[in-house]
Amino acid sequence: MGHRNSSLHVQRAKTGQQNQLLSSFAVTRDSTTVKAELNVVALTARKNISLNFLDSLVTTLHGIADDSKGIREMTCNRTKGTYLLTECLSQYSHEKLVQDLKLSNGFSILCDKATDITMNKVFCVIVRFLNANNEPTTRFYSLIPVEEGHATGLFASLEGTLKKDELPWDKVVGYASDGENLMQGANNSLLTRIKEAAPNLFVLKCYCHTFHLVAEHASKVLSKTADQLIHDIYNYFKMSPNRQKSYAEFQKFVDVDTHRILKHSNGFQLHRLVTEVERVVKILCQNFRKPIQNLTDINVDDESWWLPLNKVYPGILAEESMKLMLPHERESFQRRCRDWCREAVRQILQRIDLSDPVLKALKDVNHVKILDASADVKSGSVLARGFPRISSSKVQTIDRQWRSVLIDDNVKKGGWESKPIVEFWQGMSRLPEYEDVAIFMLQMTALPQSTAEVERTFSKLNANKTKLRNSLAVQTLEAIIKTAETFPSQVDVNARLAHLHSNARKRYMEKYTEQEQTEDFQ
């Protein structure tokens with residue numbers, strides 16, 4: 001109280017009140033300086049480097065590159081770097097993405113939730129769409145703090161983010177997530193609420209998760225000893241560099257390829273789904289039962305179709321090992337092999353409907369089917385009707401052009417056999433007679449195929465929010481991921497980036513001035 005009433009403090013307070021904001025003296029930054037500042041900030045985002053490093057980095061650059069005007073005049077500490085990251089680079093990235101989404105014919109949402117190292121829950125949203133060059137594109141959209149972890153709360157957060165960007169639900173054509181009840185349950189889930197806002201949505205349960213669950217359920221019929229052994233081996237080595245070194249030396253000693261011990265866990269192409277699943281089911285079935293004709297009629301519990309126990313196929317190496325077993329051990333082992341195959345087939349057929357006409361028609365998105373005349377003439381109409389949010393009012397046009405391309409000899413002689421699917425349909429989109437069906441098929445290739453991109457985003461999150469950087473805000477984490485994705489190399493400054501840089505710099509200087517004034521008053 002004594003200092004507060006002193007003449008010196010009163011005089012300084014009056015002077016502080018008369019001071020103009022530091023930002024009022026701001027001058028236009030040289031473009032090379034702007035470029036230098038944005039590039040060092042983008043570098044920290046790309047390489048998962050703490051923003052605290054900016055102080056040392058800029059000081060070092062001043063000392064070794066003082067002949068460059070841009071670097072000599074550059075100023076960028078942690079606080080300013082955060083402003084440039086969140087209010088310039090990240091904002092530019094988001095504006096550009098939203099513009100692309102608005103210009104697209106629709107986009108799919110891939111999402112999941114996770115808990116970071118500080119036990120804060122976040123909701124990650126990825127979008128997949130066909131960009132202006134007719135290329136399927138997957139981009140990080142938003143990282144949303146989760147305050148209410150139920151379906152209503154997640155939907156409100158997602159809807160609020162879309163509304164903020166003026167992206168209507170009419171633009172949403174697909175949805176993908178894991179198969180847990182919160183995300184895709186039949187009642188009171190995020191999916192049920194999204195379907196109310198966007199009917200006739202293409203919905204995908206991540207097939208990576210699906211087959212993980214298939215393997216998990218099938219493994220339950222095996223002895224728990226094997227599963228526990230896998231856990232124990234991984235846990236034995238994971239926290240001991242000395243044990244890992246000894247393991248590597250042992251592999252070198254016995255002259256085998258050096259392998260890492262991986263924790264047990266699990267580009268997928270959607271048009272291959274039915275074909276590959278059918279192949280897997282047939283392989284599993286031939287291990288324990290008689291030949292089958294129709295996969296949809298399989299009853300794995302019908303013993304009349306089972307092979308004799310001694311005919312169950314466990315694999316060549318397993319057969320060699322079985323020669324060393326006693327008769328009752330061989331019988332027990334083969335019974336477990338049969339039960340594993342049965343349960344795997346059961347789980348696959350429960351989770352993937354191989355009779356779904358839309359999934360079956362997706363096989364014909366592959367242009368090789370057209371070139372070798374094996375594509376179904378009905379696939380065009382099946383897909384167009386199966387994806388009304390994509391085909392819109394062009395169902396008849398798409399079907400007509402599909403039927404035409406099937407019999408076009410010029411297309412079959414065009415040398416497309418070795419070209420990727422997307423490149424083929426991009427070529428067809430440049431022909432007026434096939435433009436609509438080609439764009440439609442390209443949109444098929446842009447549908448979500450798994451939620452792997454969401455998992456990769458969580459990996460980026462964990463690479464940044466560590467024990468040493470556990471105070472990073474969700475907004476900063478989101479900015480880091482967006483910046484790293486949009487600027488994988490050098491940042492080239494354009495008019496919009498320069499404008500955002502100027503605004504972010506002014507905001508930083510205003511904040512800095514406020515802090516100085518607060519310190520003076522105190």
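In this chain, residues are counted from 1 in sequence order.
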Walk me through whether K205 and D178 qualify under side chain to side chain contact (heavy atoms under 4.5 Å, CB included).
CA-CA 6 Å; K205 285 185 179 179; D178 61 26; over 6 Å; no

* Around K102, counting heavy atoms of other residues, nucleotides and ligands shown, do more than 12 lie under 6.0 Å from its NZ? -> yes

### Message
When you compare the side chain of K113 with that of L182, does any pair of heavy atoms fall below 4.5 Å?
### Response
yes

Between the main-chain N or O of D436 and the side-chain N or O of Q401, is there a donor-acceptor pair closer than 3.5 Å? yes

**Asked** Counting heavy atoms not belonging to N187, are there more than 12 under 6.0 Å from its CG?
**Response** no

T275 and K363 side chains, donor-acceptor separation under 3.5 Å
no

Quiz question: by atom type and distance under 3.5 Å, do the side chains of T32 and K69 form a donor-acceptor pair? no

Check your understanding: Ignoring hydrogens and geometry, is there a side-chain-to-backbone donor-acceptor pair from H217 to A344 under 3.5 Å?
Key -> no

Open item on the list: Please check: side-chain N/O of N131 versus main-chain N/O of E135, any donor-acceptor pairing under 3.5 Å?
Closed with: yes

> Between H150 (side chain) and G153 (backbone), is there a donor-acceptor pair under 3.5 Å?
Replying inline: yes

Examine distances only and state if a side-chain atom of S189 and a backbone atom of T192 form a donor-acceptor pair shorter than 3.5 Å.
yes

The complete set of ring-ring contact (aromatic ring centres under 6.0 Å, His included) pairs with one or both residues in residues 122-142, sequence neighbours excluded, reads H94-Y141

Closest heavy-atom pair, S391 versus I398, reported as atoms and distance to 0.1 Å, is CB-CD1, 3.8 Å

- request: Report, as yes or no, whether the 6.0 Å neighbourhood of atom CD on Q426 holds more than 12 heavy atoms from other residues, nucleotides or ligands.
  value: yes

### Message
Looking at T44 and V41, would you say the former's side chain and the latter's main chain have a donor-acceptor pair under 3.5 Å?
### Response
yes

Does some side-chain heavy atom of L477 sit less than 4.5 Å from a side-chain heavy atom of V122? no

Sorted by chain and number, sequence neighbours left out, side-chain hydrogen bond (donor to acceptor under 3.5 Å, both in side chains) with T152 holds for R193

Heavy-atom nearest pair, D492 first then L497, reads O-CD1, 3.6 Å

Check: Do the side-chain N and O atoms of T79 and N77 include a donor-acceptor pair separated by under 3.5 angstrom?
Finding: no

Rounded to the nearest 0.5 angstrom, the CG-NZ distance for D376 and K360 is 9.0 Å

**Between R346 and Q350: side-chain donor-acceptor atoms closer than 3.5 Å** = no

Evaluate side chain to side chain contact (heavy atoms under 4.5 Å, CB included) for L213 paired with Q347, printing each intermediate quantity in order. CA-CA 8 Å; L213 293 173; Q347 292 294 327; 6.0 Å; no

Check your understanding: Under 3.5 Å, is there a donor-acceptor pair between the Q99 and E95 side chains?
Key -> no

| query | Cation over ring, R496 on Y92, under 6.0 Å and within 45°? | reply | no

What about the rings of F155 and W169, do their centers lie closer together than 6.0 Å? yes

V173 meets the side-chain contact (heavy atoms from CB on, under 4.5 Å) criterion, sequence neighbours left out, with S108, R389, I390

query: Under 30°, 30 to 60°, or over 60°: which ring-plane class applies to F424 and W416, parallel, tilted or perpendicular?
result: perpendicular

Taken in chain and number order and not counting sequence neighbours, the residues that satisfy side-chain hydrogen bond (donor to acceptor under 3.5 Å, both in side chains) with T161 are none

To the nearest 0.5 Å, atom CG of D399 lies from atom CG of L383 at 10.5 Å

message: Walk me through whether E37 and R505 qualify under salt bridge (charged side-chain N to carboxylate O under 4.0 Å, His left out).
response: CA-CA 11 Å; E37 291 179 351; R505 184 168 174 266; 5.4 Å; no

Residues at least two apart in sequence or cross-chain that pass salt bridge (Lys or Arg N to Asp or Glu O under 4.0 Å) with R78, listed by chain then number, are none

* Asked: Does some side-chain heavy atom of K195 sit less than 4.5 Å from a side-chain heavy atom of Y175?
  -> no

Separation between CG (N48) and OG1 (T466), nearest 0.5 Å, reads 9.5 Å

Near K419 NZ, under 6.0 Å, is it more than 12 heavy atoms from other residues, nucleotides or ligands? no

- Task: Taking D364 for its side chain and A375 for its backbone only, find out whether a donor-acceptor pair lies under 3.5 Å.
- Result: no

>> Any side-chain to backbone donor/acceptor pair from H501 onto V493? Under 3.5 Å, distance only.
In response: no

Q.
Are S177 and L190 packed together at the side-chain level, in the sense that at least one heavy-atom pair is separated by less than 4.5 angstrom?
A. no

Can you confirm whether C111 sits close enough to M183 that some side-chain heavy atom of one is under 4.5 Å from a side-chain heavy atom of the other?
yes

Show your reasoning for whether side chain to side chain contact (heavy atoms under 4.5 Å, CB included) applies to D100 and T137.
CA-CA 10 Å; D100 290 343; T137 304; over 6 Å; no

Ionic contact status for E453 with R456, cut-off 4.0 Å:
yes

Separation between CG (L472) and CD1 (I117), nearest 0.5 Å, reads 11.0 Å

Let me see the working for R507 and E510 under salt bridge (charged side-chain N to carboxylate O under 4.0 Å, His left out), right down to the final yes or no. CA-CA 5 Å; R507 286 257 298 133; E510 290 170 359; 5.4 Å; no

Between the OG1 atom in T445 and the CG atom in L130, the distance rounded to the nearest 0.5 Å is 6.0 Å

Looking only at heavy atoms, the pair that brings V365 and M441 closest together is CG2-SD, 3.9 Å

Between R128 and A446 (side chain of the first, backbone of the second, donor and acceptor by atom type, cut-off under 3.5 Å), is there such a pair? yes

Side-chain heavy atoms of V395 within contact of F440, under 4.5 Å: no

So do S50 and L468 actually touch side chain to side chain, heavy atoms under 4.5 Å? no

So salt bridge (charged side-chain N to carboxylate O under 4.0 Å, His left out) across residues 45-56, not counting sequence neighbours, yields none

Closest non-hydrogen contact found for L89 with T483 is CB-OG1, 3.6 Å

When every non-hydrogen atom of I144 is compared with those of S157, the smallest separation belongs to CG2-CB, 3.7 Å

CG (L270) and CZ (R272) are apart, to the nearest 0.5 Å, by 11.5 Å

Test item: E478 side-chain N/O and S142 main-chain N/O as donor-acceptor pair under 3.5 Å: no

> Do L354 and L359 touch side chain to side chain, with heavy atoms closer than 4.5 Å?
Replying inline: no

When every non-hydrogen atom of M428 is compared with those of V405, the smallest separation belongs to SD-CG2, 4.3 Å

Could you go through L38 and F487, starting from their C-alpha distance and side-chain angles, then the distance that decides it, and tell me whether this counts as side chain to side chain contact (heavy atoms under 4.5 Å, CB included)? CA-CA 10 Å; L38 293 182; F487 304 101; over 6 Å; no

